[in-house]
Amino acid sequence: PNLDSLVEYIHTSLLEVFATKFESDTQASVLTNYLAKSILDASPSANVKVVKMGKPREQQAIQLSEVTIPVCLQQLAPSQKQMLILHELDPNGTAYHLVLALECSLSKIVIERTVCALMGRHQVLRSRSVSMTGKVDLQEVLPLSCSMVALTQCVEPTTAPSSRAFAESAMWAPYDFNKTLWARFALSKNLVVVAMHHIAGDATSFATLATEMTHLFSLSAMSQCEDRSRSLASLPWRFCDYVRWKWNKLQSSGAQQLEYWRDALGTGPLPLDMPIDFVRTKTKTDRGASASAAIARPSRLYGATPFMVTLVAFAAVLSRCSRQEEVCLGVPYAGRDRREQRGVLGYLVNVLPLALSLQPASKKASIIQHTQHQCVHAFAHADVQLHQIVKAIGAVRDSSRTPLFQATLNSWATGGTRGKASDDQAWLEAYSGHDDDAPFELDLTLQGSVAENKVWVSLKYRVNLFEEVSIERLLGALDFEL
C-alpha cells in the first residue's frame, strides 16, 4: 500500500483507520507502526501501542487509550448518523428495511460467488456499527472472509409459496446494530434474497445492486469470482471516499447552510392539522398500513417533472383538508450530484423540509414554478441533516408528531416491483419498508405507469390516525387535482 496516501486519512480523524491486505508480515508491522506514529504526531498525549489480532497478514490493530481499534474502522456519514437517531427511536421497526428477491435456477456456488464479488466491491455490504464512547459512532468494515459468515447461515424454509413470503420470513427481523451486519443474504433452492437496513443504502443503491447482481448472474459460466467482479465498471469512489468528502464539505459550508434553513423556515412550520378518525395519542406510533390506486398521470403542460407536479398537487390536497395555506412536506434529495457518487453503494439520501405556500388565488402554474425554485435552493443546502435543522431553528418538539413535516413524497417503487433478470433467470422483486410500519403520518410514493394516462401510487398511513376509507378519499382527491 501507498503509506503516504494513508496519512491524510489519519489526520482527518484519529479513529479513521482503514484495512488493507498485506503481502508480508514485515509490511503489516511497518504499516501499523506507521499509523500509530501518525496518531502520536497528531495527538502526542495519546496512549498508543500496536497489538496483534490473529494472524499478522490478516489484521493488526492500534490500541488507543486502552481501546483496541481495528484497522478497518471508518467514520459514519452524516446521513448515517441521522438514520441512527431514527433507529434508536424504534429499534424493532421495519420501516427502514430494504429487501431484494431474485428467483433463479443457478447453483448455490454460482450465487455464492456472485455475492462474494458484490461484497468485495461494496464495503457497506460487510459493515456493521461499532460503539467506542458508549454509543454508536463508527462503522467497521469486515474482511471479506469474515463477512461471508452471513451468507453461509442460509435460511431454508420448508415451504416458500412466493418470493414475498420468503422475504418476510427471512428478512424482516429487527437489526441489532451492535452485533449484526447492515446487509443480509439468504438462499433457498431457487431464491436469493438480499436485505439491508437503510443505514447501508438508499433506493439508488438498491437499483445499482440489482443491476450488478443480475449482470453477474448472467456471467455464471465464469469460474473465478475475481474475473466476474472485473466485468463491472470500476468505481471512482467508494463509500469511504464519499464520507470523507461529505464531512469536509460540511466543515467548510455547514454553518452557511444552516443559516439558509433558519431564513427559510423561521422557527418552524405549523404542524399538519389533517382531520383524523381517531384521537391523537400523546406519543406517536409507527404502526401503519398502505393503500394503492391508479391516478391521473401528472401533466407536462407546466414544464415541470411529474414528481414536481405531483408534489404541488399533493400539497394542495393536504392544504384544503387541513385548511392551512402553508404545508410543509418532506422531499428526498438523492445526494448524487457528482459523477463519482453515482455508483456508490451507501445511504446518501437526505429528506428535506419544503414549506409550500398555497394561496387560494394563486394559479397552479405559478405555484409549480415557485416550488421548483424552492427545490433548487433547498437542494443547494442539502448537506445538513434534519436533526441539525431542527436544532438550528429551535423548532418546538411534539412527541406525537415527527418534527417539521408529517407527510412526505417519494418516487421509488416499493412492494412488488418486478423486472426480468435475464432469459435464464426469473423475476426480480424489491420491497422498501414493511407495510405495518409508517414512519410518517402520510407517505405518498410514485411507483410507475400502469397505462398511457395513469400512474400507480401507494399511500402509507398511520392506522392510529386514519381509517382506510379516509385514505381512499384522499387518493381520489389527488386524482382529481392532477
Side-chain angles (χ1 to χ4, degrees), residues 76-77 79-101 115 119 124-131 134-142 146-157 160 162-188 191-203 205-206 209 281 283-290 345-347 349 351 386-387 399 402 412 414-415 429-441 443 460-464:
L76 292 169
S79 52
Q80 290 178 308
K81 287 181 175 287
Q82 173 69 39
M83 186 53 63
L84 275 175
I85 294 173
L86 298 176
H87 176 76
E88 290 169 358
L89 293 174
D90 185 15
N92 295 320
T94 59
Y96 297 105
H97 289 208
L98 300 171
V99 176
L100 185 69
V115 173
M119 295 182 82
V124 292
L125 297 181
R126 46 192 170 92
S127 295
R128 64 185 179 188
S129 308
V130 177
S131 176
K135 63 179 181 179
V136 174
D137 44 17
L138 295 169
Q139 56 186 309
E140 180 183 15
V141 182
L142 296 182
C146 297
S147 55
M148 286 302 290
V149 174
L151 175 62
T152 57
Q153 295 175 345
C154 303
V155 178
E156 296 283 353
S162 67
S163 297
R164 183 64 181 251
F166 177 56
E168 289 190 356
S169 65
M171 293 302 174
W172 293 120
Y175 283 84
D176 185 344
F177 274 12
N178 294 320
K179 297 179 180 179
T180 60
L181 295 178
W182 296 334
R184 300 168 178 166
F185 297 85
L187 307 178
S188 69
L191 185 68
V192 56
V193 180
V194 184
M196 67 169 67
H197 194 278
H198 240 319
I199 196 171
D202 47 32
S205 297
F206 234 44
L209 185 62
T281 58
T283 58
K284 68 180 182 69
T285 173
D286 289 349
R287 194 164 64 89
S290 182
L345 218 68
Y347 185 55
V349 164
V351 182
L386 181 63
H387 69 278
S399 60
T402 52
W412 186 59
T414 54
E429 292 189 287
Y431 319 101
S432 174
H434 202 285
D435 286 343
D436 292 342
D437 283 285
F440 302 100
E441 294 181 16
D443 184 6
K460 190 176 287 188
Y461 60 96
R462 287 184 176 163
V463 296
N464 69 315

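Here the closest heavy-atom approach between residue Val463 and residue Ala289 is recorded as CG1-CB, 3.6 Å. Of all the heavy atoms in Tyr347 and Met83, the pair that sits closest is OH-CE, 3.4 Å. The two residues Ala195 and Val99 come nearest to each other via the heavy atoms CB-CG2, 4.0 Å. Closest of all the heavy-atom pairs between Ala95 and Pro439 is CB-CD, 3.8 Å. Here the closest heavy-atom approach between residue Ala438 and residue Gly288 is recorded as CB-CA, 3.8 Å.
The side-chain contact (heavy atoms from CB on, under 4.5 Å) search around Ala77 returns Ser79, Gln80, Phe239, Tyr242, Val243, not counting sequence neighbours. With sequence neighbours excluded, no residue forms a side-chain hydrogen bond (donor to acceptor under 3.5 Å, both in side chains) with Ser127. Here Tyr175 pairs with His97, His197 under the ring pair (Phe, Tyr, Trp, His ring centres under 6.0 Å) rule; sequence neighbours left out.
The distance from atom CE of Met119 to atom CG of Leu345, rounded to the nearest 0.5 Å, is 11.5 Å. Here the CZ atom belonging to Arg462 is positioned 7.5 Å from the OG1 atom belonging to Thr285, to the nearest 0.5 angstrom. Taken from CE in Met196 to CG in Leu209, the straight-line distance is 5.0 Å, to the nearest 0.5 Å. Within the model, atoms CG of Leu89 and OG1 of Thr283 stand 11.5 Å from one another, a figure rounded to the nearest 0.5 Å. Note that CD1 of Ile199 is 11.0 Å distant from CD of Gln82, once rounded to the nearest 0.5 Å. Between Lys284 atom NZ and Thr402 atom OG1 the span is 7.0 Å, to the nearest 0.5 Å.
Side-chain contact check for Leu386 versus Val351: every heavy-atom pair is 4.5 Å or farther apart. Here the side chains of Tyr461 and Glu441 are not in contact, with every heavy-atom distance at 4.5 Å or above. Looking at heavy atoms from C-beta onward, Trp182 lies in side-chain contact with Gln139 at the 4.5 angstrom threshold. Looking at Arg128 and Thr180, their side chains never come closer than 4.5 Å, going by heavy atoms from C-beta outward.
Not a single donor-acceptor pair under 3.5 Å links the side chain of His87 to the backbone N or O of Asp90. In terms of modelled atom types and a separation under 3.5 Å, the side chain of Arg184 and the main chain of Val194 share no donor-acceptor contact.
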